[in-house]
Number of protein chains: 2
Amino acid sequence: MPPMEVGEVGRARAIQVQGMLAVLRHVHAHPATTRARLARDLGLSRGSAAEIIARLHALRLVAESGAEPTGARGRPTRVVHRHDRGPVVAVAELSHESWGVAIAHLGGELCPVRRERHDRPGAPEDVLARMGAALREVQAAYGTRLRAVGIALPGTVSDGRLVAAATLGWRDVDIARGLGIPFSMPVITGNDATMAGVAEARRGSAADAGVALFLTVEVGIGGVLLERGRAATGATGAGGEFGHMPFGDPALPCPCGAHGCWDLEVDGRALARYLEEPPPAAPRTAAGAVLHRARTGDAAARAALDRVAGNLGRGVAGLVNALDPQVVTLSGLAVVIADLAGPAVRAAYLAGLMGFRRRTPPPLVPARFPDDGSMRGAAELAFDAVLSEAGLDEWRRDARDAAG
Amino acid sequence: MPPMEVGEVGRARAIQVQGMLAVLRHVHAHPATTRARLARDLGLSRGSAAEIIARLHALRLVAESGAEPTGARGRPTRVVHRHDRGPVVAVAELSHESWGVAIAHLGGELCPVRRERHDRPGAPEDVLARMGAALREVQAAYGTRLRAVGIALPGTVSDGRLVAAATLGWRDVDIARGLGIPFSMPVITGNDATMAGVAEARRGSAADAGVALFLTVEVGIGGVLLERGRAATGATGAGGEFGHMPFGDPALPCPCGAHGCWDLEVDGRALARYLEEPPPAAPRTAAGAVLHRARTGDAAARAALDRVAGNLGRGVAGLVNALDPQVVTLSGLAVVIADLAGPAVRAAYLAGLMGFRRRTPPPLVPARFPDDGSMRGAAELAFDAVLSEAGLDEWRRDARDAAG
DNA sequence: CGATTATGCTCGTTACGCGAACAAAATCGG
DNA sequence: CCGATTTTGTTCGCGTAACGAGCATAATCG
């Protein structure tokens, strides 16, 4: 069967592709779904579901198992899950402390491949070369099963370039080139907070929310607005830099080039400034230390924490006023701040909300994936490319070439 | 032909509806399109295009004319446009100065029905009753051709209620009930700035932008983020209240209940405060007076204007950092401020942008529809409901009942 | 005025999912 | 233990929409 061409043999072929994609996306969103359930959820007749699943099985995209008694009346149904030789995506994550590479299967399961720690990452070339080597290792291992790559980066990503990464000390890095990825598969690069937000919106704390806001505090604040599981990343992919909104002291210069950014009011730099201590070389580590002091009775640290908590709450309120999410997911230090200084966060949050919102303020909830959210999100975005018309066409073409 | 039922006679029927909707949406987006052009743009064969257009013509949704020589080689093609007895939507707009009702045709053409001015609108019941009467007049005139109603309101709209309207002095008004609309057609209520943004994104200054930001200054700032022509209105429809982000002096209380809102830094209240004059009863009118003074050499007014211009530029920069639009459309007083104090706006705008954005800052452009943008946007959203599967089903059902 | 180009029309063909009918596999209750 | 009931799986004739080849039509070109 040749890949579908627009117009050939009518729109019926387009319907087939839509049916196959609907089933694949259902299996991805609900690993261990059943044939009966997906037929019901997708509004397919049982005959159609059978045929589509057979078609996908022949392409080694899904497999069936089970049909074991459930204790309920009626003929047992079969479980539909990913095929053992089905597509995988590679995901890479870079942070100021380490980098990691994993693969992800249809359904979202992550399998770590490599992780290396680094104190100061040094030159981009070095780190990216090692990451690229790990990715090529994955490609060697999985061959044509590897269909896309997702890369989560700690900074502002615009048009596929890491244009600012304060924690790494990098500026304007061509990531794909640095990784030396020669293969032609889709490569999705994005901000790590944006990707973590996607993971929370699809499988995490915000899975039931049509509109959600994700915020994380590491060095500064990152985040993203999510609508029906999709990140509002803007025209160039750099949306979500809420930390560079002028919620702070306008006299304070920000490393980003602007002044008065929210970033400076909610992280380790803010804590140090409120304690009248010198700016920390490693704001994240310094923040941890101050929070520990606050936890163990240091009054000055406590007061600094309360100020930062107020700044956090007030900024979140402003975003809620502007973007009207149903839920706000917090991650990173934001969760710790909310834990240790909940009343200060909440008071500033409620005070910052427009009056009509105070009756039912969107809840602030902790992330479900605090440690690997950005990898999970990178996997989701990579699978978006795979579970598309173009992705399915490519898979079919490769399957045919392999059979021929 | 009965309305389409999911599953009946295969997905072929679903294909038909998609084809019809694609053609209708094309005609709506491109009034005076041609049969040849829409076949090409939509990837239809000429036979299919002919059949779909015939189907739509039979339903009195579109008509054809022309086929007149164009001077180009080849057989002339026909123009496809709205049917004279096709669907219309009613649009209503309420502002602090007046209210208006119009109808809109497929393709976007607006025809005014009624407009009344009011100095102080008074009780919601009175104004809404008059607007409701005008809408019922439209219903009487158009009968079943009237398919939806769009209503643009000057304040925060959440879950269909006008929960805050500072310029009207209204709070928490049930609009549909106040209008007394008994009919069961879709009624789309929304913020006037949001709707004006939709108009600019689809047919105006931001029509070519995938992601756009719309901002208008009247009393305070309203606006919306737009993605592919759709407004990011949030979970309850209240998104876009950028004026209630804390870009200002945190000590300043805002009528909304929060403090330090951007609203207070960019309108007539800000100008008055900077001039050390009492708060104006009508901030919009007062702003106009100050701008006139600034224009005619009043140094104090000029200085106040420059401060407001800086506040505007700085806040816009923060939104650009966060939302990453391709273009920012300005309307209302924002355009006047940008005209009179362009350098101050631009300087603050560029200074507030993250460094990497300064090379290619999203342009600030004036609205294409400064006077009726919110009505045009209300029409767009009302037609969204009409040009949908449900809307087409309803139209077909009514057409059948009328013929039977 | 024949050649060329572009569009409009006709109609046999293709390919999709539907769903009725039946088969299979479980539990229920007497 | 077995017939009844429920739920799922399989089969296959059916209906339907769009395709596109082939031809007709209507314009401009040289």
Side-chain angles (χ1 to χ4, degrees), chain A residues 1-23 33-57 62-80 389 392 396, chain B residues 1-23 33-58 62 64-80 389 392 396:
Chain A
M1 178 187 292
M4 183 191 73
E5 292 162 355
V6 171
E8 180 178 324
V9 207
R11 294 301 167 89
R13 185 59 58 83
I15 270 206
Q16 184 193 83
V17 167
Q18 284 177 3
M20 291 167 73
L21 287 175
V23 171
T33 188
T34 64
R35 180 177 309 181
R37 179 182 167 192
L38 71 75
R40 238 179 348 259
D41 288 358
L42 299 179
L44 293 164
S45 71
R46 292 195 297 275
S48 304
E51 188 162 348
I52 294 175
I53 290 169
R55 201 176 287 140
L56 293 171
H57 181 261
V62 301
E64 282 186 297
S65 67
E68 298 181 2
T70 64
R73 278 248 231 178
R75 184 174 173 172
T77 185
R78 295 200 200 128
V79 174
V80 185
E389 284 191 31
L392 186 55
R396 290 215 247 204
Chain B
M1 176 191 291
M4 183 192 74
E5 291 160 358
V6 172
E8 180 178 324
V9 206
R11 294 301 169 89
R13 183 61 58 82
I15 272 203
Q16 183 193 84
V17 168
Q18 284 177 3
M20 290 168 74
L21 287 175
V23 172
T33 189
T34 64
R35 184 184 298 187
R37 179 181 165 193
L38 72 74
R40 235 177 354 256
D41 288 358
L42 299 179
L44 294 164
S45 71
R46 293 196 297 274
S48 302
E51 188 161 348
I52 293 175
I53 289 169
R55 201 177 287 141
L56 293 172
H57 182 261
V62 300
E64 281 185 299
S65 67
E68 296 181 5
T70 64
R73 279 249 230 180
R75 182 173 174 172
T77 186
R78 295 202 197 125
V79 175
V80 185
E389 283 191 32
L392 187 54
R396 290 215 248 202

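Any value given below was found using the heavy atoms of this structure, including those in side chains, with hydrogens, waters and symmetry copies removed. Here the structure is a predicted model, which means the values were calculated and not measured. Letters go in sequence order (proteins before strands), and every chain restarts at 1.
Among the nucleotides D/dT10, D/dA27, C/dA26, the one closest to any side-chain atom of A/Pro69 is C/dA26. Considering only side-chain atoms of A/Ser48, the nucleotide from C/dC9, D/dG9, C/dG17 that sits closest is C/dG17. Nearest nucleotide to the side chain of B/Ala50, out of C/dC9, D/dG9, C/dG17: C/dC9. Picking from C/dT4, C/dC9, C/dA15 the nucleotide with the shortest atom distance to the side chain of B/Arg73 gives C/dT4. Side-chain proximity of B/Ile15 to the nucleotides C/dA15, C/dG8, D/dA18 is greatest for D/dA18. In this structure, of D/dA18, D/dT7, D/dT28, it is D/dA18 that holds the atom nearest to the side chain of B/Arg55.
Atoms CZ (A/Arg78) and P (D/dG9) sit 6 Å apart, rounded to a whole Å. A straight line from CZ of A/Arg46 to P of D/dT6 spans 14 Å, rounded to a whole angstrom. Atom pair B/Gln16:CD and D/dA18:P shows a separation of 6 Å (rounding to whole Å applied).
Residue A/Ser45 has a polar side-chain atom (N or O) positioned under 4.0 Å from OP1 or OP2 of C/dC18. Distances shown here put a side-chain N or O of B/Thr77 below 4.0 Å from the OP1 or OP2 atom of C/dG8. For B/Arg40 and C/dT7, the shortest distance from a side-chain N or O to OP1 or OP2 is below 4.0 Å.
In this structure a side-chain-to-backbone donor-acceptor pair under 3.5 Å is missing from B/Thr34 to B/Val79.
Comparing B/Pro76 and A/Arg75 against DNA chain D, the residue whose closest nucleotide sits nearer the 5' end is A/Arg75.
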